[in-house]
Amino acid sequence: MVGSANLNVMIKAARKAGRSLVKDFREVENLQVSRKGAGDFVTKADLASEKIIRDELMGARPTYGWIAEEGGAAEGQDPTRRWIVDPLDGTTNFLHGLPHWGVSIALEHKGEVVAGVVFDPAKDEMFFAEKGAGAWMNDTRLRVSGRHRMIESIFATGLPFAGRADLPETLQDLARLLPVCAGVRRWGAAALDMAYVAAGRYDGFWERRLQAWDMAAGVVIVREAGGLIEPLDPRGDILGDGEVICANDALFDGFAKVIRG
Ligand code: 2AM
Ligand code: CA
Ligand code: CA
Ligand code: CA
C-alpha cells in the first residue's frame with residue numbers, strides 16, 4: 001500500500017523511535033526510572049522516543065500542533081491539525097522485560113483522527129491506517145474478526161493499576177462479561193489492544209481512564225478495519241472522555257450492552 005506523505009512521515013518517525021526503544025530495551029536494567037504517579041512510570045526510553053518523534057514530525061510539518069504524553073501540548077500555526085503521540089505505550093511491560101509495548105502516533109484534522117500508526121518494534125509489526133484507505137499491518141490488509149457469538153469471543157481491557165480510580169466499574173464489567181464470553185485478556189498496552197482488534201486477534205476491547213494519546217491512532221485503525229468504536233457513554237467523546245469500547249459490527253451491540261449495563 002502506498003500511503004500519503006503524512007502517513008509516510010508518521011511511519012518513518014515510528015521506525016526511528018522503535019530503533020531507540022529496542023536499544024534501551026536490551027539494557028533495560030540500567031534505565032533510571034521515575035514515577036509520575038502511583039503506578040505510572042517514565043524512563044529515559046520514553047523521553048528519547050518522544051524527542052525523536054517530535055523532531056521528525058515537527059521537522060516535516062512545522063505548522064502542526066502537538067500533544068504527547070511526556071512533553072505536553074503546543075499549539076501550531078495551523079490550528080486545524082495536531083499530532084497526538086504516545087512515545088512508549090506499555091512502559092510497565094518494558095520495565096519488566098516483557099516484549100509487549102509500542103509507539104502510537106496519530107494525526108488529527110478538525111477534531112477527527114485522519115491517520116494513525118501503532119508500531120510494535122519487538123515483533124516488527126507496523127499497524128497503520130488512513131481515513132478512507134483501509135488499515136494495514138506491514139503488507140497485509142487488516143479486517144476485524146468475523147465472530148458473531150459472544151461465547152466464542154475474547155475481549156481485551158486494562159485492569160486499573162495503583163492510582164487509577166475505575167476499579168469498581170471495571171470489576172462490575174468483568175463480573176458481567178466473564179460468564180458470557182470465551183475470555184478476557186489484559187496485556188497493558190492500550191494502543192496495541194486496539195490494533196489487535198483491527199487485526200481480528202481480539203474480538204473487542206474496552207477501557208476507562210485512558211488518555212487521548214493511548215487511543216487516537218487506534219480509533220482510525222479500528223474504523224478502517226471495519227470495526228465499530230464509540231465512547232462508552234454514547235453521547236460522549238472518545239478522546240475527551242478517555243472511555244472507549246470497540247468490536248466487530250456483529251458483536252458490538254451485544255458486547256456494548258454487557259459493558260454499558
Ligand atoms: P503507558 O505505558 O503509556 O503509560 C492502559 O492500561 C494504559 O495505561 C496503558 O496503555 C499504559 O500506557 C497506561 N499505564 C500507566 N501505568 C500503567 C501500569 N502500571 N500498568 C498498566 N498500564 C499502565
Ligand atoms: Ca505513562
Ligand atoms: Ca499509553
Ligand atoms: Ca506512554
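Predicted model, so just to flag it, every value in this text is computed and none were measured. Both counts, for ligands and for their atoms, begin at 1 and track the order of listing.
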- Query: Testing Phe252, Phe255, Tyr202, Phe205 for ring pair (Phe, Tyr, Trp, His ring centres under 6.0 Å) with Phe155, which one passes?
  - Reply: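 The single option meeting the ring pair (Phe, Tyr, Trp, His ring centres under 6.0 Å) with Phe155 is Phe255.
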- Task: Determine the interplanar angle of the His100 and Tyr196 rings, folded into 0 to 90°, and report it as parallel if under 30°, tilted if 30 to 60°, perpendicular if over 60°.
- Result: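 Ring orientation, 0 to 90° scale: perpendicular.
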- Task: Fit a plane to each ring of Trp83 and Tyr64, take the angle between them on a 0 to 90° scale, and name the class: parallel (under 30°), tilted (30 to 60°) or perpendicular (over 60°).
- Result: tilted
- Message: Report the atom name of the nearest N/O/S atom of Asp40 relative to the Ca ion (ligand 2).
- Response: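 Atom name of the closest N, O or S in Asp40: OD1.
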- For the Ca ion (ligand 2), what is the closest N, O or S atom on Glu69?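 So the atom name we want here is OE2.
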- Let me know which of Arg208, Lys257, Arg260 forms a salt bridge (Lys or Arg N to Asp or Glu O under 4.0 Å) with Asp173.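 That would be Arg208.
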- Message: Of all the N, O or S atoms in Asp214, which has the shortest distance to the Ca ion (ligand 3)?
- Response: OD1
- Message: With carbon and hydrogen excluded and only N/O/S kept, which atom of Asp86 is nearest the Ca ion (ligand 3)?
- Response: OD2
- Message: Using a distance threshold of 3.0 Å, state whether an N, O or S atom of Asp89 lies below it from the Ca ion (ligand 3).
- Response: yes
- Message: At a threshold of 3.0 Å, where the distance has to be below it, does the Ca ion (ligand 4) have an N, O or S atom of Leu88 nearby?
- Response: yes
- Item | Short N-O contact, Lys51 and Glu70, less than 4.0 angstrom |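 Looking at Glu70 together with Lys51, the answer is no, because their closest N to O distance does not fall below 4.0 Å.
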